[in-house]
Amino acid sequence: MPAVTVENPLTLPPVAAPAEARQRQVLAVTTAPSGFEGEGFPVRRAFAGIDYKHLDPFIMMDQMGEVEYAPGEPKGTPWHPHRGFETVTYIIDGIFDHQDSNGGGGTITNGDTQWMTAGAGLLHIEAPPEHLVVSGGLFHGIQLWVNLPKKDKLMPPRYQDIRGGQVRLLTSPDGGALLRVIAGELDGHDGPGITHTPITMVHATLAPGAEINLPWREDFNGLAYVLAGRGTVGAEHRPVHLGQTAVFGPGSALTVRADEKQDSHTPDLEVVLLGGRPIREPMAHYGPFVMNTRAELQQAFEDFQKGRLGTIPAVHGMSEGENPEGGEGAI
């Protein structure tokens, strides 16, 4: 971990906040509870316990794995519906097949991202390919849910296939960090993901003792989730480790630093950095639907039960009126 890397980060454009930038203070550090999703793969609920006012426009994020599957163990999700938001699935290690009722899909593997705008609604499935089920192997990734504003909630569905080689690679001035911009922009450098809600999504790898001090849009919120390793966040050097989320307050720059000594199973600090412009609209969220009102949620369930969100290929055997799978974290 991770798949997308470079031999010499100093060949990449450096990014650093200007000296006069206002540092974001750390409002809170939370620890993700562990659970199981889909057909039984392990997840950490990265945003559990964080007030939505600090998350908006993000809804939830699951860290899937990191897990080394034995032969026959790899698991995925059954067919299920979505409406009203976007799902972002980023595979760090391993491989996943995706298919949806709108014709989107494909295979994503090390460093790839699938960006699915559910919009008005669709059905989809994610599962390991048969050869991985037979052989077993390493699996690690994240899934992020990004809200859509009311005006876009019923837009036509869309699918983006973002390959690992397409992400924008940057570094810190001393070359101690590798920054992968998956979506949005960082200091004028654009990532490949096209978003309806303005956001920035970055996967950062920091070598032991390295620090990043990044310019961050003042109209965005700021979150840092630790995928692996340990370090500190903010100018006040608040400690963080695997499975913890740091919530930043207002400002124009944020700081993350890797400890000099890392855990035995990871050489570096791995962090997902997220920022987005808050939508500031009422949110009604239940299971696989994210709308603005309870009535709209009820309509989404009715539309699903009446087959208006798409048709599942008959070979998969799920009846049109079957209940949607999963709770808050269903992918």
Side-chain angles (χ1 to χ4, degrees), residues 14-33 44-61 63 142 144 146-147 170-174 176-177 179-189 197-260 262 268-280 283:
V15 175
E20 66 273 15
R22 183 164 62 103
Q23 284 291 326
R24 290 174 175 249
Q25 301 298 306
V26 178
L27 300 180
V29 172
T30 63
T31 301
R44 287 185 175 91
R45 310 285 192 202
F47 296 162
I50 300 175
D51 193 312
Y52 181 65
K53 70 182 180 182
H54 299 309
L55 296 177
D56 185 13
F58 306 110
I59 301 162
M60 56 143 282
M61 187 169 77
Q63 180 180 9
I142 62 171
L144 172 71
V146 185
N147 204 2
L170 307 169
T171 190
S172 52
D174 63 359
L179 309 170
R180 305 165 192 82
V181 184
I182 298 170
E185 64 87 25
L186 182 63
D187 199 30
H189 302 278
T197 304
I199 74 165
T200 293
M201 179 179 181
V202 178
H203 174 195
T205 299
L206 287 76
E211 181 176 283
I212 51 175
N213 179 24
L214 302 179
W216 209 251
R217 284 180 50 166
E218 291 197 68
D219 60 335
F220 279 18
N221 61 355
L223 302 161
Y225 176 74
V226 181
L227 292 165
R230 54 184 64 243
T232 62
V233 287
E236 62 269 47
H237 303 298
R238 184 87 170 263
V240 290
H241 58 73
L242 166 66
Q244 291 191 315
T245 300
V247 180
F248 290 93
S252 57
L254 58 80
T255 297
V256 179
R257 181 178 177 84
D259 284 356
E260 295 283 353
Q262 292 298 319
D268 303 308
L269 173 65
E270 305 283 349
V271 180
V272 174
L273 302 173
L274 296 168
R277 183 188 299 158
I279 296 173
R280 296 192 176 95
M283 184 187 71

Could you check whether any side-chain N or O of Ser172 sits under 3.5 Å from a backbone N or O of Ala177, counting only pairs where one atom can act as donor and the other as acceptor? yes

Is there a donor-acceptor contact under 3.5 Å from the side chain of Gln63 to the main chain of Leu227? yes

Tested for side-chain hydrogen bond (donor to acceptor under 3.5 Å, both in side chains) against Thr31, the lone hit among Gln244, Arg44, His241 is Gln244

Quick one: does Arg257's side chain have a donor or acceptor within less than 3.5 Å of a partner on Gly209's backbone? yes

Under the salt bridge (charged side-chain N to carboxylate O under 4.0 Å, His left out) test, residues paired with Asp219 that sit two or more places apart: Arg217, Arg277

Judged by atom type as modelled, is there a donor-acceptor pair below 3.5 Å linking the side chain of Thr255 to the main-chain atoms of Asn213? no

List the steps and the verdict of side-chain contact (heavy atoms from CB on, under 4.5 Å) for Gln262 and Asp268. CA-CA 6 Å; Gln262 292 298 319; Asp268 303 308; 5.7 Å; no

Could you tell me whether the side chain of Asn147 and the main chain of Pro57 form a donor-acceptor pair under 3.5 Å? no

Measure from the side-chain N and O atoms of Arg24 to the backbone N and O of Gly249, and report whether any donor-acceptor pair falls under 3.5 Å. yes

Is there a donor-acceptor contact under 3.5 Å from the side chain of Thr245 to the main chain of Tyr225? no

Considering non-hydrogen atoms only, spot the tightest contact between Leu206 and Glu211 and give its length. CD2-CA, 4.2 Å

Is there a donor-acceptor pair closer than 3.5 Å between any side-chain N or O of Trp216 and the backbone N or O of Asn221? yes

Under 4.5 Å between any side-chain heavy atoms of Val256 and Leu269, yes or no? yes

